[in-house]
There are 2 protein chains.
Amino acid sequence: MYRTHTCGELRIENVGDEIVLSGWVQKIRNLGGMTFIDLRDRYGITQLAFDENANPEMTAKAREVGREFVIQVKGKVIERSNKNPNLSTGDIEIACHEINILSKSEIPPFTIEEDTDGGDELRMKYRYLDLRRPQLQRQMALRHKVAQQVRAYLNNQNFFEVETPVLIKSTPEGARDFVVPSRMNPGQFYALPQSPQVFKQLLMVSGYDRYYQIVKCFRDEDLRADRQPEFTQIDCEMAFVEQDDVLSTFEDMTKAIFKNVLNVDMDTPFKRIPFSEAMAKYGNDKPDLRFGMEIHKMNDLVKGHDFVVFDSAEYIGGICAEGLSEYSRKELDKLTKWVQRPQIGAKGLVYVKYNEDGTFKSSVDKFYDADQLKKWADGFNAKPGDLILILAGDEKITLHGLSELRLEMGSRLGLRDKKTFVPLWVVDFPLVEWDEESQRFYAMHHPFTAPKPEDINMLDSDPGKIRANAYDLVINGVEIGGGSVRIFDQDVQAKMFKILGFTKEEAENQFGFLMNAFKYGAPPHAGIAFGFDRLVSIIAGLDSIRDVIAFPKNNSGRDVMIDSPSPVSEDQLDELMLQLKEEEKE
Amino acid sequence: MYRTHTCGELRIENVGDEIVLSGWVQKIRNLGGMTFIDLRDRYGITQLAFDENANPEMTAKAREVGREFVIQVKGKVIERSNKNPNLSTGDIEIACHEINILSKSEIPPFTIEEDTDGGDELRMKYRYLDLRRPQLQRQMALRHKVAQQVRAYLNNQNFFEVETPVLIKSTPEGARDFVVPSRMNPGQFYALPQSPQVFKQLLMVSGYDRYYQIVKCFRDEDLRADRQPEFTQIDCEMAFVEQDDVLSTFEDMTKAIFKNVLNVDMDTPFKRIPFSEAMAKYGNDKPDLRFGMEIHKMNDLVKGHDFVVFDSAEYIGGICAEGLSEYSRKELDKLTKWVQRPQIGAKGLVYVKYNEDGTFKSSVDKFYDADQLKKWADGFNAKPGDLILILAGDEKITLHGLSELRLEMGSRLGLRDKKTFVPLWVVDFPLVEWDEESQRFYAMHHPFTAPKPEDINMLDSDPGKIRANAYDLVINGVEIGGGSVRIFDQDVQAKMFKILGFTKEEAENQFGFLMNAFKYGAPPHAGIAFGFDRLVSIIAGLDSIRDVIAFPKNNSGRDVMIDSPSPVSEDQLDELMLQLKEEEKE
């Protein structure tokens, strides 16, 4: 038996017990005739004491071990003279009478501590050592806990967990599909799913009523800072429901998770904001509502005063940063440069300081007098001491700039506390988006998303104006989940394909088996998918999903620990009837 | 609102309630002025009644619907005059006053009933309709339930669910790996895991202590009757444990599953049989212990009586089929042909009838007298009325034949009831197997499997004799799970690689990152993996895993519903820097 207890288990009640512990050596201290070792496992740390006088041979052996050695000790639980209140086992220590080295360790390439000296690259390469660090252990434990909470909630709501296939079919539009050559079917390929969308809809047609799965999905695309080629979704679908049923089911799930995992209370129903309102007030379809600082459109207030920047702008709008009227020239210059970066692309930044003494100081004093600036300030409900920041230009670019500026000022004002969670539903997304380049509409969500019944009359006349029964769950400015009510009426679906520019053949080719299934009695249905990695990372208070994934890939999609992807042998390619394409010949 | 209740919910207590139901039309009957519809959903069937006198228009509409239409009805719950005790809702019916057709259905290609008229191929193509059939609904519900039981048990035992990557690295020996070309790393490939073996061992090195995952695994190989290219494992690993800890943890899990899902009691500890005993007594390393009928080796009894078949045989053995002494000449001839099929490959079959009157009749009467046959019978503890069946020849082939014969006779005697479950552990597998063809040893389990400590001294002298700390869980003759204690000592591991004929470079190349990880303090660890599909199918009383998988592939690895795998476009191949190899030119 390697242990009678874990390293996080022993308490003052155990004093006198003969025990066996196993674990990793966290720290060794030699103090005169005594040697102390902190022994670590997943459950905690226990202090081991070796007395040279009592047992010189054993103590000599204890002094030989180094950090990260795996050892087993036998001994008696004794009360500590200097207790450590920061440790759950801090009241006791082990008076050891035997030590066995189970496994030695070389000196690790970085310290296995809360704050390590290892850089990102090194820690990715030695991920198995990084995973020993307490914060990664906490994050993996959290991920485990969230997964169990999700399942407990959905099981309780009569959802069935059904596994959908990983080896599926590549679609012509599946530019981001990973494909998998089949040895048994040479020249043919499976694809890995970007989501189980079609299968979960089929399950509704099959009468499974409520489906969920915590499932890996795959996307072969350039990885932005916080994407992974394989990621995990909480994927759900319900039959015989309307939008409100889905929203209430999943806000209750979210509430339950935050309550049971973080003991954070969320009020339900969550706030619901139409897409159009989110864009107007926050410049963004996933607004961070931990703070207000709403965007105000100022076109009517500011036009016609000979300020050509405003007069010529499609859109003028601003935000009010509370209490920042003392911002210096230098700080404002820096902020101007910040909004002029290509990521934001504003031409410039107009400010209005509402000074503490009630006067105004602005960068457009030449064009607007104090009365006019007062009117602007009133529009923001600004108080003396506030700072109004204004951008102007193309509407889309300017709203994006204001959104970024709002988030930046929110951060500077400390309004984005990671322990505060403000959820909301963004609803009524547009059904389709017009793409100037290809001169066609694209589905904003996917081609099966149902239009709002009250907008359905515009299907022929004005599809760009139709709102969809689609919804996103947003927490603290992060999109956590999204879904929609699905079309289950074959006529509406046919119209939708027409709007999206599919010929009948293309639709048949791409979605034939789903369309066929719909011929045999499709129930009304709706669903949602949560980004599980992102949900866990926001609960963990992290900005990146990488550290809630045990073995993540880097920004080039590489696993540097196992050195993958990697070349395969000619033999293997031969069997798959494949060959590498040679570099283009000049 | 599409429904106030499900179709399995209403009871006599609901009589008088105004309700709304939605579901599929199972059956329509027109009886004079009344029309009855059986409305079906996942939860059950409710009878709807439409009274032509009360509402001719509605009843006309009800008569328009066909099987598998999706309808919604509003009505009042009334007590049925002729109750149906076979239906949970059989005490009531719905007096409808409104019917809405939500979705029409064409006539399904086969009947959606417990016993369908659809053949295998057709049902695979229309899997979404087959999945509506009650038995598939039960099987999916069962699979869901088993998964939740597994998680509940393991969560309770402090196991963490940790997701391991699906896009991993192909190994030189990974002939059965599916590979996945990477667009971002042209010419390079990921591989899909045949199991998360290495990652779970890394998690032990990382200190996660107890890991599990219900996870998809992949194997690109010729599919025998009951294999799938993607299949699901319950994958587990534990640190600081010995073999007995693993066995007791997972027999308790198995016991809990059978109790909570089927209300079947299993006694623990499960029977444990060494591999050598399983082979000797049952000719098989996964014996079906629902019945005895042990194989007896008869070499000593039968040799030296001038019967050349026995005298020249390496192995002579038999079984005793109780009560079958009346088998006719014709039946025995058929059985002889059965053992002579190439799958079994016996040269012939010797029988001894122990007649009810105490006399003997055998096919070798010429060589053995009644006294000798009585001795044989005593060896089997045979009684008058029993039939002894004997095979002789090469030991391996003969034991295999006896194993098959034993199972066949068990079936004929009704000793293999699908509702009886007899679990056992087969332990002490050989560590390595000698392969005549390549003149080298292969790992019986995998190269990380630990030898039994008491056999470790034979590592250099006689590796073929070493027994491993490896174990299989067998239920009713089906291997449900298997695992081993792992090597965590670098010296033993190095020896093991040497025995398996790996050069240092090859070992480094193939298992380098795991070997590296072991340099930094590896705990003793052990694990197991269960075939989840197989576990569910045995609980369901099925012979095939296919019908416990929602969307299975056929024997060619094809999903005939979605028609996958399929060719991909030239553009897609170009982006992956791949081209199809042309057929060999003559």
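Throughout, a chain's letter reflects where its sequence line sits, starting with A, and its residues are numbered from 1.
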> Hey, is the main chain of A:S556 close enough, under 3.5 Å, to the side chain of B:N185 for a donor-acceptor pair?
yes
> Heavy-atom cut-off 4.5 Å, strictly under: side chain, backbone, both or neither for A:L573 against chain B?
side chain
> Can you give me the closest heavy-atom contact between B:Y190 and A:G557, atom names plus distance?
OH-O, 2.5 Å
> Do any side-chain atoms of residues 560-571 of chain A form donor-acceptor pairs under 3.5 angstrom with protein atoms, and if so which ones, sequence neighbours left out?
{"residue": "A:D563", "atom": "OD1", "partner": "A:R558", "partner atom": "NH2", "Å": "3.0"}
{"residue": "A:S564", "atom": "OG", "partner": "B:I168", "partner atom": "O", "Å": "2.9"}
{"residue": "A:S569", "atom": "OG", "partner": "A:Q572", "partner atom": "N", "Å": "3.1"}

> So for A:I549, is it side chain, backbone, both, or neither that comes closer than 4.5 Å to the heavy atoms of chain B?
neither
> Top residue by heavy-atom pair count (under 4.5 Å) with chain A, among B:L102, B:D130, B:V166, B:T6?
B:V166
> Between B:R183 (side chain only) and A:F178 (backbone N and O only), is there a donor and an acceptor less than 3.5 Å apart?
no
> B:Q148 side chain to A:N155 main-chain N or O, any donor-acceptor pair under 3.5 Å?
no
> Considering only heavy atoms, which portion of A:A522 lies under 4.5 Å from any heavy atom of chain B: side chain, backbone, both, or neither?
both
> Can you confirm whether B:Y208 sits close enough to A:Q137 that some side-chain heavy atom of one is under 4.5 Å from a side-chain heavy atom of the other?
yes
> Is A:F231 close to chain B through its backbone or its side chain, or both, or neither, when contacts mean heavy atoms under 4.5 Å?
neither
> Select, from A:G512, A:P523, A:S182, the one with the greatest count of heavy-atom pairs under 4.5 Å involving chain B.
A:P523
> Relative to chain B, which of A:A147, A:G187, A:P186 shows the most heavy atom pairs under 4.5 Å?
A:G187
> Please determine, among A:T164, A:L576, A:L129, A:D41, the option with the most heavy-atom pairs under 4.5 Å with chain B.
A:L129
> Hey, could you give me the CD1/NZ distance between A:I107 and B:K519, rounded to the nearest 0.5 Å?
14.0 Å
> Can you tell which part of B:I71 gets under 4.5 Å to a heavy atom of chain A, answering side chain, backbone, both or neither?
neither
> Side chain from CB out, backbone as N, CA, C, O: work out which of these in B:A141 comes under 4.5 Å of a heavy atom of chain A, or both, or neither.
both
> Pick one of side chain, backbone, both or neither for A:V198, based on which atoms fall under 4.5 Å of a heavy atom in chain B.
neither
> Using a heavy-atom cutoff of under 4.5 Å, enumerate the residues of residues 211-218 of chain A that contact chain B, numbered in order, or state 'none'.
A:Y212, A:K216, A:F218
> Answer with side chain, backbone, both or neither: which region of A:N158 has an atom nearer than 4.5 Å to a non-hydrogen atom of chain B?
both
> By a 4.5 Å heavy-atom criterion (distance strictly below it), what part of A:F199 contacts chain B: side chain, backbone, both, or neither?
both
> Any donor-acceptor pair under 3.5 Å linking the side chain of B:D209 with the backbone of A:R42?
no
> Chain B heavy atoms under 4.5 Å from A:N516: which part of the residue, side chain, backbone, both or neither?
both
> Can you say whether A:R210 sits under 4.5 Å from chain B via the side chain, the backbone, both, or neither, judging by heavy atoms?
both
> Decide side-chain contact (heavy atoms from CB on, under 4.5 Å) for A:Y2 and B:D245; before the verdict, give the C-alpha distance in whole Å, the side-chain angles of both, and the deciding distance to 0.1 Å.
CA-CA 10 Å; A:Y2 285 110; B:D245 301 308; 5.7 Å; no
> Of the backbone (N, CA, C, O) and the side chain (C-beta and beyond), which part of A:V162 lies under 4.5 Å from a heavy atom of chain B, both, or neither?
side chain
> Answer with side chain, backbone, both or neither: which region of A:A191 has an atom nearer than 4.5 Å to a non-hydrogen atom of chain B?
neither
> For chain B, which of A:L203, A:L514, A:V25, A:I101 has the most heavy-atom pairs under 4.5 Å?
A:L203
> Identify the two heavy atoms, one from A:Y520 and one from B:P109, that lie closest to each other, and give their separation to 0.1 Å.
CE2-CD, 3.9 Å
> Looking at B:G207, B:G23, B:P108, B:A550, which has the largest count of heavy-atom pairs under 4.5 Å with chain A?
B:G207
> Checking side-chain hydrogen bond (donor to acceptor under 3.5 Å, both in side chains) between B:E161 and each of A:R151, A:H144, A:R143, which is the one that passes?
A:R151
